[in-house]
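Whatever order the structure lists ligands and atoms in, that order sets their numbers, starting from 1.
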Amino acid sequence: MRFDVLTLFPEIFSSYLGQSLLAKAIEGNLVEVHPHDMRKWANDKHNRVDDRPFGGGAGMVIRAEPVVECVEAVQREGSHPGRLIMLSPQGRRLDQRLVEELSQESRLLLLCGRYEGFDQRVSDLLQPEEISIGDYVLNGGEVAAMAIIDAVIRLIPGVLGDETSSVDDSFSSGNRLLEFPQYTRPRVYRGLAAPDVLLSGDHAQIAAWRKQQSIERTKRRRADLLDRDVESEDE
Ligand SMILES: Nc1cc(-c2ccc3cc[nH]c3c2)n[nH]1
């Protein structure tokens with residue numbers, strides 16, 4: 001799977017690309033992530049990538065020309081244009097179902113805004129789909145883009161490795177329960193002991209305990225997840 005990230009701050013992605021899971025996925029040719037600096041397409045006489053908003057108001061607006069030129073050039077680079085996504089507080093809310101949908105794509109272009117956002121002609125001409133990672137306002141689209149990449153790559157076959165699977169993750173398709181609590185060595189830490197059942201070696205009992213913990217935790221923290229019926233998820 002190929003990700004192209006179009007941004008004014010490509011350096012934000014440098015250390016992120018080195019994080020182990022993603023680095024291994026890139027090394028294993030399972031994933032490619034290409035940050036692109038939109039400033040390189042600011043070729044008007046002032047080489048400006050942003051400008052003051054018509055009609056006045058605070059902040060700056062990202063000019064349409066460098067963005068449209070950059071997107072078109074990047075789309076020409078690959079074997080096909082890919083699915084163009086603009087990160088935006090006004091977009092479709094990201095959830096695991098949308099992550100699973102995105103993981104089926106072979107190429108995603110993630111368009112990251114800054115300042116007061118893009119000139120409207122960017123959306124008029126490129127028709128991107130807008131995705132929000134939540135109802136709060138970030139300073140730019142880059143963190144949201146990383147969230148999408150992070151969530152999607154976990155679902156690409158081979159990325160998590162044989163010993164780990166995303167199947168039992170919270171929110172995975174059909175799974176409406178939160179994760180059970182995890183414990184590791186030492187067995188007792190500051191007087192707090194790991195549950196005996198986890199050290200019993202009785203896998204059936206361990207599975208039952210974990211399921212019960214997930215149900216209790218979900219009831220306590222996210223009872224709304226238990227209200228959803230499976231049919232509604234197809235709407
Ligand atoms: N879910 C979410 C996305 C954003 C976002 C996305 C792009 C820009 C550009 C300037 N500010 C932005 C904020 N905030 N929250």
Pairs of donor and acceptor atoms involving the side chains of residues 62-73, under 3.5 Å and at least two apart or interchain, shall be tabulated with distances.
{"residue": "Arg63", "atom": "NH1", "partner": "Arg48", "partner atom": "O", "Å": "2.7"}
{"residue": "Arg63", "atom": "NH2", "partner": "Glu65", "partner atom": "OE1", "Å": "3.3"}

Please set out all donor-acceptor pairs under 3.5 angstrom arising from side-chain atoms of residues 212-221, sequence neighbours excluded.
{"residue": "Gln212", "atom": "NE2", "partner": "Glu216", "partner atom": "OE2", "Å": "3.0"}
{"residue": "Ser214", "atom": "OG", "partner": "Leu178", "partner atom": "O", "Å": "3.0"}
{"residue": "Ser214", "atom": "OG", "partner": "Phe180", "partner atom": "N", "Å": "3.3"}
{"residue": "Ser214", "atom": "OG", "partner": "Arg210", "partner atom": "O", "Å": "3.3"}
{"residue": "Arg217", "atom": "NH1", "partner": "Glu179", "partner atom": "O", "Å": "3.0"}
{"residue": "Thr218", "atom": "OG1", "partner": "Leu178", "partner atom": "N", "Å": "2.8"}
{"residue": "Thr218", "atom": "OG1", "partner": "Ser214", "partner atom": "O", "Å": "2.6"}

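For ligand 1, residues of the protein lying within 4.0 angstrom by heavy-atom distance are Leu87, Ser88, Pro89, Gly113, Arg114, Tyr115, Ser132, Ile133, Gly134, Tyr136, Val137, Leu138, Asn139, Gly140, Gly141.
Rounding to the nearest 0.5 Å places OG1 of Thr7 at 9.5 Å from CG of Leu111.
Glu32 and Arg107 are not joined by a salt bridge, as no carboxylate oxygen comes within less than 4.0 angstrom of a charged side-chain nitrogen.
Residues passing the side-chain contact (heavy atoms from CB on, under 4.5 Å) test with Tyr189 are Pro186, sequence neighbours excluded.
Partner Asp4 forms a side chain to side chain donor-acceptor pair (under 3.5 Å) with one of His34, His36, Gln75 and no other, that one being His36.
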